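Report on the following structure.
Note that the structure is predicted; figures quoted are calculated from it, not measured. Labels below follow one simple rule: chain letters A, B, ... track the order of the sequence lines, proteins then strands, and each chain is numbered from 1.
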Amino acid sequence: MPREIHFFNTLTRRVEVFHPLEPGHVRMYTCGPTVYNFVHIGNLRTFLFEDVLRRTLAAFGYRVTQVMNLTDIDDKTIKGAAAEGVSLREFTDRYVAAFFADIDALGIQRAEHYPRATDFIPQQVELVQRLTARGHTYVQDGSTYFRIATFPGYGKLSGLDLDEVKAGARVDADEYEKEDVRDFVLWKAAKPGEPAWETALGPGRPGWHLECSAMGMTLLGESFDIHTGAVDNIFPHHENEIAQSEGATGKAFVHTWLHAEHLVVEGQKMAKSAGNFFTLRDLLEKGYDPLAIRYLLVSVPYRQKLNFTFDGLHAAAAGVERIGNTLRRLAHTPPAVGEGSLPAETVDEFFAEFDGGLADDLNTARALAAVHTLLTKVNQALDAGGIGDGGRRRVEAAFAHLDAVLGIVPKAAAADTADADVDALIAERNATRKTREFARADAIRQELTARGIVLEDTPHGTVWHRTK
RNA sequence: GGUGACGUAGCCAAGUGGUAAGGCAGGGGCCUGCAAAGCCCUCAUUCGGCGGUUCGACUCCGCCCGUCACCUCCA
């Protein structure tokens with residue numbers, strides 16, 4: 001039996017116990033990138049939340065089937081391809097590859113499916129036809145629209161009052177003519193110079209929302225468990241997905257909707273015009289460790305705004321280092337005879353608190369606090385009587401669990417353990433230390449420091465590791 | 001104008017009726033030839049402000065101040 005987990009469901013605005021439709025198997029759809037540019041750290045915050053979600057579910061014993069769409073047809077991709085005079089596919093392929101490179105760099109696990117909107121045109125057309133058969137659509141100037149007046153549940157996700165929307169200041173930003181400003185386009189009539197498909201709906205291309213409904217239902221079924229995105233997707237995107245999907249099937253589309261809050265930079269909204277806009281590449285070029293970036297973006301619970309600051313990034317780097325240092329100490333310290341100084345309960349308490357935090361709507365801050373408490377206790381035990389084999393296995397299991405869920409445990413490089421040249425220098429240094437020739441000893445240490453190697457003289461001998 | 005969040009130490013942040021987790025930074029100490037790593041002590045008489053409810057409120061209610069998000073294509 002998988003562990004019980006609670007989520008705040010945007011649809012009900014309450015924290016609920018989660019029950020997948022098929023016991024033990026979670027089907028989830030996570031809104032992915034529009035592939036017209038490199039993803040920025042705000043996008044990454046959302047993808048990292050989704051990554052922690054799937055890792056937590058897996059660690060809790062659920063089977064997970066995740067879909068993440070790649071939006072490769074919309075105004076921005078069309079414009080980008082046209083600007084460079086290349087095909088839409090050629091243009092978007094480049095950013096699809098960049099997207100995978102970025103999520104790999106951050107250790108984001110791959111979803112089971114990455115459907116592209118342009119590969120699912122027939123499914124999208126069929127969905128519109130089903131909607132038409134049920135009287136939810138109308139055609140104007142070659143475009144097909146969804147008439148929201150035919151869907152009584154419209155607004156249930158966002159809680160928006162449609163009369164207010166109608167009265168709102170920003171209306172009809174769309175270039176297409178609609179019967180009612182609140183209606184949205186399902187299928188856009190072909191325009192000169194834009195990609196178009198010849199279909200039963202006439203020549204054209206899918207509207208923005210259509211792909212997610214069509215691909216989600218094709219790959220996960222007409223009803224599935226979880227749908228995620230960032231808060232700005234609640235309206236109109238997710239609201240429209242519900243209308244399209246439930247209008248076509250008459251069934252509940254998604255049971256649990258989870259939305260990540262935005263990331264801000266130094267307290268300000270991230271914007272290119274404000275000069276505080278960062279992609280992963282920008283940060284890596286500045287020399288930041290991807291693991292530290294991951295730690296920072298994962299450390300604030302997903303429903304809180306995350307204030308990205310360079311101070312915070314340094315703190316995150318320190319956190320990652322502390323995990324690595326403790327792991328290294330554990331490896332270098334000889335096992336204690338017997339049980340040693342780390343009670344089994346300490347690790348039990350870690351698991352209880354770490355998992356308890358995650359089960360509480362993915363409270364990663366609470367989980368991380370448990371991690372630091374464990375680190376302190378492990379170090380205390382290492383300073384005291386050491387840790388026996390049994391205790392070591394328990395601690396290693398705890399680190400493995402931490403890494404499986406949050407993915408923030410640094411890997412020890414194999415090179416750190418074997419290098420004859422370094423070993424020779426260390427032997428020489430220790431010989432000079434014995435004879436109290438500290439000037440020579442320090443010179444050797446400085447030389448190694450210059451080579452990116454840090455020495456530590458422990459009670460069990462001198463150990464070394466490379467700096468990042 | 002409508003809807004919804006949020007405001008906890010220098011910074012990030014948990015808690016949400018029983019008397020303030022955790023991390024980073026800072027200060028002091030132990031260990032070390034010196035370091036590094038680690039450990040110990042210290043760091044909010046107080047949770048935006050003012051009232052109210054209560055034996056008791058950071059936690060509930062009201063008002064005010066401030067920051068922010070969404071209101072048709074922005075993760």
Assigned partner base of U19(B), Watson-Crick or wobble definition, under 3.5 Å: none
Interatomic distance, CD@Glu211(A) vs CD1@Ile121(A), rounded to 0.5 Å, equals 9.0 Å
Nearest to the Ala365(A) side chain among A14(B), G33(B), G23(B), which nucleotide is it? A14(B)
Is the phosphate of C40(B), meaning OP1 or OP2, less than 4.0 Å from a side-chain N or O of Gln380(A)? yes
How far, in whole Å, is U72(B) from G2(B) if one measures between their C1' atoms? 16 Å
Identify whether any heavy atom of Thr309(A) sits under 4.0 Å from a base atom; if not, whether one sits that close to sugar-phosphate; answer base, sugar-phosphate or nothing. nothing
Can you tell me how far C1' in G49(B) sits from the matching atom in G66(B), rounded to whole Å? 10 Å
What distance, rounded to whole Å, do you find between the two P atoms, one in G48(B) and one in G26(B)? 27 Å
G51(B) pairs with which nucleotide, Watson-Crick or G-U wobble, both distances below 3.5 Å? C61(B)
Considering only side-chain heavy atoms of Lys188(A), which listed nucleotide, A75(B), C73(B), G38(B), is closest? C73(B)
Below 4.0 Å: OP1/OP2 of C39(B) and any side-chain N or O of Arg322(A): yes
Once you apply the 3.5 Å cut-off to both distances, tell me the Watson-Crick or G-U wobble partner of U72(B), or none. none
Closest to the Ala369(A) side chain, choosing from U72(B), C73(B), A21(B): A21(B)
Less than 4.0 Å between a side-chain N and a carboxylate O, is that true for Lys79(A) and Asp75(A)? no
Look at the side chain of Arg329(A) and decide which nucleotide, out of G38(B), G15(B), A75(B), has an atom nearest to it. G38(B)
Considering only atom C1', compute the distance from U19(B) to U45(B) and round it to an integer number of Å. 11 Å
For Val39(A), which contact category applies under a 4.0 Å heavy-atom criterion: base, sugar-phosphate, or nothing? nothing
Arg433(A) side-chain proximity, nearest of A13(B), C34(B), A75(B): C34(B)
For C30(B) versus A21(B), give the span between their C1' atoms, rounded off to a whole number of Å. 26 Å
Any base atoms under 4.0 Å from Pro459(A), or only sugar-phosphate, or nothing? Heavy atoms, all strands. nothing
Rounded to whole Å, how long is the line connecting atom CZ of Phe308(A) with atom P of C11(B)? 18 Å
For G26(B), which nucleotide in any strand shown is its Watson-Crick or wobble partner with both distances under 3.5 Å? U42(B)
What integer distance in Å separates Asp102(A):CG from A75(B):P? 14 Å
Over all strands shown, is Asn240(A) touching base, sugar-phosphate only, or nothing at heavy-atom distances under 4.0 angstrom? nothing
Which value, in whole Å, describes the distance between the P atoms of nucleotides C64(B) and A25(B)? 42 Å
Check every strand shown and say whether Asp74(A) touches a base, only sugar-phosphate, or nothing at a heavy-atom separation below 4.0 Å. nothing
Whole Å only: how far is the CG atom of Leu455(A) from the C1' atom of A35(B)? 10 Å
Using the benzene-type ring in the case of Trp, are the ring centres of Tyr138(A) and Phe146(A) under 6.0 Å apart? no
C70(B) versus G17(B) - spacing of their C1' atoms, nearest Å: 33 Å
If you look at every strand shown and take non-hydrogen atoms under 4.0 Å, does Gly312(A) touch a base, only sugar-phosphate, or nothing? nothing
If pairing requires Watson-Crick or G-U wobble contacts with both distances under 3.5 Å, which nucleotide is the partner of A14(B)? none
Just compare C11(B), A75(B), C74(B) and give me whichever is closest to any side-chain atom of Lys76(A). C74(B)
5' priority, RNA chain B, between Asp311(A) and Glu321(A) [closest heavy atom]: Asp311(A)
Side-chain N,O (Lys305(A)) to OP1/OP2 (A13(B)) below 4.0 Å: no
Under 4.0 Å, heavy atoms only, any strand: does Arg445(A) hit a base, just the sugar-phosphate, or nothing? base
Flag the pair Phe278(A) / Phe310(A) as yes when their ring centroid distance falls below 6.0 Å, and as no otherwise. yes
Going by the angle between their ring planes, with limits at 30° and 60°, are Tyr114(A) and Phe100(A) parallel, tilted or perpendicular? perpendicular
Can you tell me how far C1' of C24(B) sits from CG of Leu375(A), to the nearest Å? 14 Å
Run the salt-bridge test on Glu447(A) and Arg451(A) with the 4.0 Å N-O cut-off and return the result as yes or no. yes
Need one value for Glu239(A): base, sugar-phosphate or nothing, where a base atom within 4.0 Å counts as base even if backbone is also close, heavy atoms only. nothing
Counting side-chain heavy atoms from CB outward, which of U72(B), A75(B), A69(B) is closest to Pro236(A)? U72(B)
Could you please name the option among C6(B), C70(B), C73(B) that lies closest to any side-chain atom of Phe235(A)? C70(B)
Touch class at under 4.0 angstrom, heavy-atom based, for Leu296(A) against every strand present: nothing
Regarding His40(A), tell me which of base, sugar-phosphate or nothing describes its non-hydrogen contacts under 4.0 Å with the strands shown. base
Base, sugar-phosphate, or nothing: which does Asn325(A) touch, judged by heavy atoms less than 4.0 Å apart? sugar-phosphate
Asn43(A) CG to A75(B) P: how many Å, rounded? 5 Å
State whether Arg394(A) and Glu339(A) are salt-bridged, where the test is any N-O pair (Lys NZ or Arg NE/NH1/NH2 against Asp/Glu carboxylate O) under 4.0 Å. yes
Sugar-phosphate only, base, or nothing, as touched by Ala260(A) at under 4.0 Å among non-hydrogen atoms: nothing
Closest listed nucleotide, where the reference is the side chain of Phe438(A) and the choices are C73(B), G22(B), G33(B): G33(B)
When the distance from CD of Gln268(A) to P of C68(B) is rounded to whole Å, what number comes out? 7 Å
So, for Phe38(A) and Tyr95(A), is the gap between ring centers shorter than 6.0 Å? yes
Looking at A75(B), A14(B), C11(B), which one has an atom nearest to any side-chain atom of Asp232(A)? A75(B)
According to a cutoff of under 5.5 Å between the ring centres and under 30° between the ring planes, does His262(A) stack with the base of A75(B)? yes
Gap in Å between the two C1' atoms, one belonging to U53(B) and one to A14(B), rounded: 27 Å
Look at Asn233(A) and A75(B) and indicate whether a side-chain polar atom (N or O) is within less than 4.0 Å of OP1 or OP2. no
So that I can tick it off, tell me whether Glu456(A) and Arg329(A) are bridged by a salt bridge, with the cut-off set at under 4.0 angstrom between side-chain N and carboxylate O. no
In Watson-Crick or G-U wobble terms, with both distances under 3.5 Å, the base opposite C6(B) is G66(B)
Expressed in angstrom and rounded to an integer, what is the separation of Ile408(A) atom CD1 from C24(B) atom P? 13 Å
Watson-Crick or G-U wobble partner of C34(B), both distances under 3.5 Å: none
State, with a plain yes or no, whether a side-chain heavy atom of Pro343(A) is found less than 4.5 Å away from one of Lys377(A). no
